[in-house]
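Scope of the values below: all heavy atoms of this structure, side chains included, with no hydrogens, waters or symmetry mates. Chain naming here is simple, since letters A, B, ... match the order of the sequence lines and numbering starts at 1 in each.
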Amino acid sequence: MRIVKVLSIILITFVLIAGIAIPLAPAPQGLFEFPIIPGLEDKARNIFYHVPIAWTTVLAFLVSMWYGYRYLRTRSIDDDLKSVSSAGLGFMLCILATVTGSLWAKFNWGSFWNWDPRETSIFVLLLIYGAYFALRSALASDEARARLSAVYAIIAGLTVPFFIFVLPRMVAGLHPGAKGDVDGSGPVLEFKMAPNMRVVFFSSLIGFTLFYIWLLTLRIRAARLEHHVADQHS
Amino acid sequence: MNGIRLQVTDLRRDFNRRPVFQGISFALDAPGSLAVTGLNGAGKSTLIKVLAGAIGPTTGTVAYQRAGVPIEIDALRHELGFVSPYLNLYDEFSAEENLRLLSRIRSGNEPASVTIERRMKQVNLWNRRHDDVGTFSSGMKQRLKYAFALLHEPTVLMLDEPTSNLDAEGIAVVEAIVAEQKERGILIVATNDESEAAWCTARVHLSGSGGNKR
Amino acid sequence: MSTIARTWALVVKDARSELRTRYAMNALVMFVITSVATILFAMREDQASPELLAGMYWVVVFFSSMSGLSRIFVSEEEKGTALALQLIASPKVVYVGKLLFNCGLTLLLTLAVTVLYLIVFPGFVVASFDIFAVTWLLGSLGLASAATIIAAIIARANTRGTLYPVLSFPVLIPLLMTVMRSTIRALAGESFENAFGEFQVLFSYLLVMTGGSYLLFEHVWKD
């Protein structure tokens, strides 16, 4: 775990510094200049933060779903601890992804919210996380809470393919890769990353994923201790 | 009909991550009877529901078999009768309707009218058969539950607090049912009444957070 | 054959119970009437566009179904009859029986909303009957499927009434977005082929939701 912790701190620190400090240049030379992307300019830097956070949000949900499924097989309460720990992190990351995306949308597309398919998807994910925790707080016993919230996470997870594969093809969108973005022209901005941008981007992707793993293990340990203490006092 | 065997191995059921009972193991052959005793909250009802397959154990197994052949849970539903104060029938249906509808859900067809008549007469509800269960007193409801539990001639009969809400006449009916069931198959009674526990030959006593057979 | 007979017996039981008590029916009818009346108050003399009416149609259907479709499990839990059902029927029989009942109820509900809309909104004219019919069928069944498994989940919780729409809405969003789009097509009088994309989504939603629920139901139903 130590390597995960150290690596995530190093990578995210690198991304924070490099993503913000590397200047833009019309004709970038060498490693220490980013190209100017027309229409995005300095706002392009958000891709180093927004996209990895959004990716980690989805990862956290899938992990939560997976441990929910595991709980239904094993009926071991430890799997439920893992599931809910991941969901809690996912909820937090989901809010971050929504805020970073919404700010970017305001300055690039003109308003904070446009109901683009990806925006709809993250909104639904936010609702699912909210509903998941509302359900948990309404259930009396630990076993029922673990069992029913696991089922709900899986049922909600069944709708995810509709948002990833179906919705973007049906509704015109603003994100890259949306309907109407066949050749990269149209209303959607072209977003091709220079090699040095890719390095920062993938460092960020790995950094945030490791950060998530680190926090998840911390939360699981904390939850186990909490349960242990609760057991000894009751 | 006979030869059914109930084998329980290291049974444990948790509630809020604490065992309601644990380490319950016993075997019971038909004809035979078992009393589950213990104080209020010791887990008698939870154990009997686990034995009936209505809820699952946290760990351990409940296995029914006949001549060494395991009986699947779906087949067990045709062999099991269950009576308890917390098992309710439908208030909006008449007594007879309840029996007919529930039998159809269990086996796909209704029992013969003579069977229904015999069971309803046995529990003294024959002349109230067309009345809605919602109008019944709690004692009458309890007696109807016996008719429901016995309608399909179960080989395994489970009774949780068998005489709750019953008058002297009702208790006599239950005692007759118990005597017959002990000869015919397996009887399991959960109770904290010593005279009811005495109906049975074997006993599991639940002592709060563990279970020992005596 | 016997499984079908048993499942059907459960549907008959629920239907007869519903006819006696009118638990779900009364809630559904009153909700439809009050919500449509509220829309009429809000619009006054204005004529809403077909796009808006198509959306409002499914808004009424969604909220009405949230008032009635949970009864199927909540009433068993409240009356303490769930245990009797657990003892006599396998989880699969219970799930399919309850699903069929809710499908029937939802089809009746959407039919009633359709008739009411045709009467009170002059702008609600079904120009492509075939698109509307398929949307009505697949939309109602998909809605019933998701509503049934969520009803089974919330029946075990303590704040059922408020929790039901909260849990159902995110799961139903793909369905609602799609039926709204194909209802717009039906009102606009588009040709049948234009709605194939929506039908595919609705059909796969129905399959995925029902299949997933069928496999998971035992974990909800059995403690």
Heavy-atom distances under 4.5 Å only: say whether A/T120 touches chain C with side chain, backbone, both or neither.
side chain
Does the side chain of A/Y129 reach to within under 4.5 Å of the side chain of C/P170, using non-hydrogen atoms?
no
Report yes if the side chains of C/I173 and A/T159 come closer than 4.5 Å at any heavy-atom pair, otherwise no.
no
At under 4.5 Å between heavy atoms, what parts of residues 62-71 of chain C are in contact with chain A? List them by residue number.
none
What residues of residues 201-223 of chain C make heavy-atom contacts with chain A at a cutoff under 4.5 angstrom?
C/V201, C/S204, C/Y205, C/V208, C/M209, C/G212, C/S213, C/L216, C/H219, C/V220, C/K222, C/D223
Which residue out of C/T162, C/V166, C/L167 racks up the most heavy-atom pairs below 4.5 Å with chain A?
C/L167
Salt bridge (Lys or Arg N to Asp or Glu O under 4.0 Å) pairs touching residues 129-141 of chain C, sequence neighbours excluded, are none
A/V151 versus chain C, heavy atoms under 4.5 Å apart: side chain, backbone, both or neither?
both
Under 4.5 Å from any heavy atom of chain C, what part of A/R75 do you find: side chain, backbone, both or neither?
side chain
Does C/T178 reach the side chain of A/F162, with side-chain heavy atoms less than 4.5 Å apart?
no
Sort by residue number and list every member of residues 132-151 of chain C having a non-hydrogen atom under 4.5 Å from chain A.
C/I149, C/I150
Using heavy-atom distances under 4.5 Å, tell me whether A/Y132 contacts chain C through its side chain, its backbone, both, or neither.
neither
